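Below is one structure; the comments refer to it alone.
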Amino acid sequence: MSNQEPIQIFLEGRSDQKYITSIEGNYHSNKVKLFLDDPVKGKRQEDHRFTPYLFMKDLKDHKIQLYQNSSQRDEMIKKYKIKIEKLRTDGNLRLDSGFKYLVTSDISVNSLTQFFKGAGVDPWDRKDIFQLNSPQEQFLIQTGKRLFKGFENYKDIHKLYFDIETTGLSPYDSKIFLIGIKDNRGFQHVIEIDDTPESELEGIELFFRVIDQLKPSIVCGHNSENFDFHFIIERAKLLGSPLKYAKYPTSQGGPIRRKKSYLKMASDTEEYEQTIMYGYNVMDIAHAVRRAMAINSDIKSWGLKYITKFAEKNKKDRMYVEGSKIYEIYRDNKNYRIDRTTNDYTIIKDNEYVSPTEDTITGKEIINQYLLDDLWETEQVDEVYNQSSFLLASLIPTGFSRVSTMGTAVTWKLLMMAYSYEQRISIPNHDKKRNFVGGLTRVFKKGFGQRIFKLDYASLYPSIMIEHNTFPPCDIDHVMRRILIYFYDTRNKYKKLTKKYEKTDKESSTYYDVRQLPIKILNNGFFGSLSAPEVFPWADLDLGEEITCTGRLYIRLMIKYFENLGFTSIILDTDGVNMSAPKDVDKHHYIGLGINSLVEKNKHYYGVDAVVAEFNDIHMKGVMGLDVDDEWKASINMARKNYVNLTYKGKAKITGNTLKSKKLQTYLENFINKGVKLILNNKPKEFIEYYYQYVEKIFNRELPLSHMANKSKVKLTNREYIAREGKTNINGKPLPKMAHMELLKESGIEKSLGETIYYINTGKMISHSDVGNCSLVDIETNPNELGYYNAPRYLSIFNKRIKPLLCVFKSDVRDTILVKNPKDRQYYTSRQMELIMETEDTIEEVMFLSFEEITFWNKVGKDPNEIFDGFSIDDSLVKLDIHKNKEIINKLKEKFKSQGVEVKSFHDDYKEGDFVINHKFMNDKEIWNLSEVISGSLVEMEELKV
DNA sequence: CACTGTGGCCGTGGAC
DNA sequence: GTCCACGGCCAC
């Protein structure tokens with residue numbers, strides 16, 4: 001354990017300074033200001049200095065000469081107080097050709113860049129030669145300080161929540177009438193604004209004065225970057241305000257401003273305007289929710305009302321007002337009867353008698369309470385979804401708003417840059433981007449299954465990296481390996497503690513559970529970073545591919561092992577297989593040896609758990625091991641990555657985008673949710689009846705427009721969409737139109753990025769596609785409104801979606817179920833309605849290494865059959881068919897040799913013009929080909945008989 | 001002073 | 001009808 005201490009100190013920051021909540025630096029000096037919130041001494045600021053630096057490659061390699069002659073250079077070095085230090089490379093080629101000089105200036109980051117600009121190179125433009133951190137990051141890296149040190153919980157940070165109410169959506173034709181403010185230390189206030197411009201400006205100014213008084217560390221709202229701040233600032237400008245708000249009275253901080261910034265959500269990046277307030281972290285909670293949404297497909301919307309319910313944090317007695325009625329109720333000077341236990345209210349009509357004992361409330365009071373309840377919920381959502389960013393910020397040397405918007409590869413880059421700076425190691429030259437082999441995925445059995453187990457490798461990719469030592473050689477201190485092992489151990493420790501306190505001490509349990517979260521994020525992101533050379537300079541694609549190819553071997557090994565024991569593989573995806581167990585599986589009994597860390601010593605295991613524990617103890621090695629992820633009562637297996645499972649509690653869990661998507665129209669979703677349960681509970685006749693009833697409803701337009709509406713997410717601004725018009729695809733054809741963007745363009749409505757819009761196809765025939773045949777639908781005002789829609793087309797879309805579900809029926813029945821008109825409905829016998837399961841992909845095929853895999857192993861000069869050397873597992877399970885292949889290939893080679901032709905195999909090092917034997921698996925058959933190497937690739941010439 | 005990966009399914013618009 | 005490129009979303 002003790003050898004992990006330096007890593008822990010590095011990650012948590014070697015400086016002991018506590019309670020830093022934000023840092024302000026700049027490019028024109030070497031000064032930074034720290035903002036602290038000491039629980040005893042209170043809020044204060046500190047001035048600090050740092051030495052601006054950048055990492056630089058050897059300029060000679062880029063044919064760049066710094067200044068005309070050495071005397072001129074020396075003069076500039078003196079002027080800008082430049083120092084150049086050579087960093088460690090230990091003879092590693094990528095470090096030698098990387099950023100191996102550390103250049104510093106005692107003056108400022110600008111003087112550093114000025115020095116190079118004077119010589120004709122702008123470091124900001126030449127990311128290929130220079131690596132720079134922001135002043136804030138430079139300070140943190142240099143001093144070993146970290147944000148939020150000393151704060152045990154996110155709750156301990158002083159946070160201010162706000163929300164505004166406006167008369168409309170645009171600041172140019174509507175105005176603010178309420179601003180709600182609440183902090184997490186007992187303050188709350190609603191600023192009321194009347195109809196005059198003076199009052200509105202006063203309200204805005206008061207809002208900033210309140211912030212200035214309270215000095216919270218974090219200022220946040222829900223969707224505040226896109227909406228509230230934009231609105232407030234634009235209104236203030238229109239009303240003639242100079243916008244010099246939110247300064248610390250004693251500071252020299254500049255005015256509030258907005259800066260182009262990026263929000264990273266899994267593989268998506270979105271631009272937004274970030275609000276900058278000197279000394280504060282300005283956060284948008286919707287960002288945290290949207291990042292969670294990108295990873296968790298069960299979250300359907302990032303709206304405040306939805307997400308509070310999803311997180312089960314909704315206030316039970318909250319005041320609720322429909323969005324369109326807020327202004328009306330606020331302004332109409334009416335009184336309402338209210339039930340204080342539920343906060344339900346009804347309007348009191350003019351001349352209506354009200355007894356003095358009745359509880360009443362004014363419209364204004366309703367809206368004020370509504371606003372405060374919104375803020376209360378905002379705080380709850382913040383606590384749930386920003387927790388991991390808060391914890392990450394105490395490990396990663398950068399500001400809070402950046403931590404909560406950047407991607408995982410940048411996170412790892414900052415960690416590695418910090419380590420390289422501390423240890424004076426060069427930053428490697430980046431690897432070249434290329435495609436590579438990823439996870440293996442198959443569906444072996446299609447249709448209806450019962451009693452299904454999911455067996456998957458615990459953290460497959462990180463485990464492979466640790467067990468097979470796949471780390472880049474350019475990491476000369478092996479720090480990535482050490483960090484990963486530290487994370488692995490720490491996370492396991494937290495997981496064990498979470499479990500230990502689960503029943504006795506809920507608070508401690510949650511404390512540890514929350515702490516394993518940032519580690520999980522860093523762990524999961526590591527493999528992706530290692531394969532992202534354009535972002536992460538330490539990336540190594542051969543290693544990335546070795547990890548995935550090794551993963552493919554592990555999954556094959558597992559399939560062979562369990563099939564041998566009578567298990568049936570159903571669906572395979574990357575790191576796990578859904579299997580059905582043999583009938584006698586419950587007879588299995590195993591007493592844990594505890595050799596494998598996933599197995600408890602002396603614990604009695606039964607059934608599938610026993611089989612898996614034995615596999616782990618006896619046959620796995622080191623950190624590698626299988627988990628029994630779950631057990632299900634029944635399943636529908638439709639296609640690769642697409643299946644539905646029934647839990648023993650009766651819940652249907654849908655996996656894959658065939659039946660689960662945020663774009664799925666509500667009418668489809670409603671049918672699917674009920675329909676899959678009927679099939680899973682083995683009620684095929686009821687399913688068929690339900691299907692025909694639903695066809696009738698769609699056909700006769702009995703379903704509300706809000707349920708039929710297509711959902712599209714806005715990913716382009718109107719301007720970007722219009723700019724797309726002249727563009728073509730790789731074949732020179734124009735890019736197709738997008739129905740929802742056409743609607744926005746025509747109506748002149750500009751939606752924020754990330755918003756969902758709803759529209760309905762109003763054509764007459766199936767062939768009437770959406771473009772030119774659709775109109776926008778307001779799903780909120782009249783959710784139950786019926787109306788005209790393109791029934792044949794929606795029915796056809798419905799049938800297409802349902803089709804994959806029919807894989808549970810016999811093939812002759814399957815083809816007759818779907819109808820275009822309810823009068824064509826079919827009737828079936830019980831025998832016809834038996835649910836089935838049939839073979840799709842074969843085990844034999846999947847045991848073959850793909851051509852790409854063999855090419856890879858060949859390229860790196862490794863034998864995949866040696867991956868399991870040292871594992872105590874039966875050779876026949878481990879050794880793959882490539883040995884058999886080798887025998888056949890050798891025979892074929894000899895045959896050609898006897899005819900005087902030199903032939904190679906793809907195991908060999910082949911060149912342009914060589915003849916090569918290769919093989920593939922098609923329709924369950926092995927096919928052998930003779931190919932010629934033309935322009936670096938294999939061109940098939942003839943099929944060979946074996 | 002943007003940017004983790006591959007594999008897979010489905011819908012769409014447009015060309016033939 | 002069939003094919004294609006592309007976008008979107010999802011699984012891991």
Side-chain angles (χ1 to χ4, degrees), chain A residues 27 109 113 122-125 127 130-135 137 259-272 293-298 402 405-413 433 435-443 456-457 460-461 521-522 524-536 539 541 544-545 547-548 551-552 555 571-576 638-643 654-665 710-713 715-716 727-740 742 767 769-772 796-797 800-801 803-804 852:
Chain A
Y27 289 86
V109 177
T113 51
D122 184 349
W124 293 117
D125 292 341
K127 296 272 168 66
F130 298 93
Q131 287 279 347
L132 288 100
N133 294 109
S134 70
E137 288 163 2
K259 194 184 83 183
K260 190 174 89 172
S261 197
Y262 296 88
L263 174 66
K264 186 78 187 138
M265 292 162 294
S267 52
D268 256 8
T269 320
E270 194 179 285
E271 220 177 282
Y272 76 100
M293 200 171 156
I295 313 170
N296 182 356
S297 62
D298 289 337
R402 184 153 149 83
T405 52
M406 72 190 187
T408 49
V410 181
T411 313
W412 274 97
K413 181 179 172 179
K433 197 173 162 67
N435 294 339
F436 66 91
V437 177
L440 186 60
T441 168
R442 291 288 185 276
V443 50
D456 62 2
Y457 282 99
L460 181 67
Y461 289 170
I521 293 169
L522 284 161
N524 289 349
F526 188 52
F527 163 74
S529 308
L530 197 61
S531 314
E534 281 165 354
V535 183
F536 186 61
L541 270 74
E545 192 162 18
I547 292 158
T548 56
R552 283 173 168 238
I555 205 79
I571 270 196
L572 145 68
D573 196 350
T574 312
D575 67 348
M638 298 172 291
R640 293 177 185 185
K641 293 179 193 275
N642 281 285
Y643 52 92
I654 298 172
T655 301
N657 84 336
T658 297
L659 298 184
K660 183 171 112 183
S661 165
K662 289 181 179 71
K663 267 175 75 85
L664 209 61
Q665 289 107 307
N710 298 43
K711 303 173 187 178
S712 283
K713 210 167 167 186
K715 299 202 122 190
L716 299 169
K727 291 181 184 159
T728 56
N729 69 14
I730 54 167
N731 292 330
K733 288 169 185 165
L735 289 174
K737 291 175 178 173
M738 299 159 108
H740 66 292
E742 289 292 319
S767 62
S769 58
D770 294 343
V771 171
S796 148
I797 290 170
K800 241 187 258 173
R801 271 286 175 181
K803 207 176 173 194
E852 287 79 9

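In what follows, chains are A, B, ... by sequence order, proteins preceding strands, each numbered from 1. What you see is a predicted model, and the numbers here were worked out from it, not measured in a lab.
- Per the geometry, CD belonging to A:Gln665 stands 14 Å off C1' belonging to C:dC9, to the nearest Å.
- At a threshold of 4.0 angstrom between heavy atoms, the contacts of A:Tyr643 are confined to the sugar-phosphate backbone, with no base atom among them.
- Among the heavy atoms of the strands, none lies under 4.0 Å from A:Lys711.
- In this structure, A:Lys660 reaches the C:dA11 phosphate: one of its side-chain N or O atoms is under 4.0 Å from OP1 or OP2.
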Inset, instruction - Show your reasoning for whether side-chain contact (heavy atoms from CB on, under 4.5 Å) applies to A:Phe527 and A:Thr548. - result: CA-CA 9 Å; A:Phe527 163 74; A:Thr548 56; 3.5 Å; yes
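- Each of A:Asp268 and A:Thr574 was matched to the nucleotide of DNA chain C holding its nearest heavy atom; the match closer to the 5' end belongs to A:Asp268.
- The interatomic distance linking A:Tyr262 (OH) with B:dC1 (C1') rounds to 9 Å, in whole Å.
- One atom, CZ of A:Arg402, and another, C1' of B:dA2, lie 9 Å apart when rounded to the nearest Å.
- For A:Asp125 and B:dA2, the CG to C1' distance is 16 Å, given to the nearest whole Å.
- Between the side chain of A:Asn710 and the backbone N or O of A:Gln665 there is no donor-acceptor pair closer than 3.5 Å.
- Nearest to the side chain of A:Ser661, among C:dC12, C:dC9, B:dA2, sits C:dC9.
- Residue A:Ser297 places at least one side-chain N or O closer than 4.0 Å to OP1 or OP2 of C:dA11.
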Inset, instruction - Determine, for nucleotides 4-11 of chain B in 5'-to-3' order, which nucleotides have protein heavy atoms under 4.0 Å from the base (write B), from only the sugar-phosphate (write S), or from neither (write -). - result: BSSBBBSS
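- For the pair A:Thr113/A:Leu132, a side-chain contact is recorded, criterion being any heavy-atom separation below 4.5 Å from C-beta on.
- Counting only heavy atoms from C-beta outward, the side chains of A:Ile571 and A:Thr655 never approach each other to under 4.5 Å.
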Inset, instruction - Show your reasoning for whether side-chain contact (heavy atoms from CB on, under 4.5 Å) applies to A:Leu572 and A:Leu440. - result: CA-CA 8 Å; A:Leu572 145 68; A:Leu440 186 60; 4.2 Å; yes
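- Of the possible donor and acceptor atoms, none in the side chain of A:Ser661 sits under 3.5 Å from a partner among the backbone N and O of A:Asn657.
- Between the side chain of A:Lys662 and the main chain of A:Leu664, no donor-acceptor pair closer than 3.5 Å is present.
- One atom, NE2 of A:His740, and another, C1' of B:dT12, lie 12 Å apart when rounded to the nearest Å.
- A sub-4.0 Å separation between OP1 or OP2 of C:dC10 and a side-chain N or O of A:Lys662 is present.
- When the C1' atom of B:dT12 is taken as reference, atom CG of A:Leu664 falls 16 Å away, rounded to whole Å.
- When rounded to the nearest whole Å, the span between CG of A:Leu659 and P of C:dA11 equals 11 Å.
- Following rounding to the nearest Å, A:Leu460 (CG) and C:dA11 (P) show an atom-to-atom distance of 19 Å.
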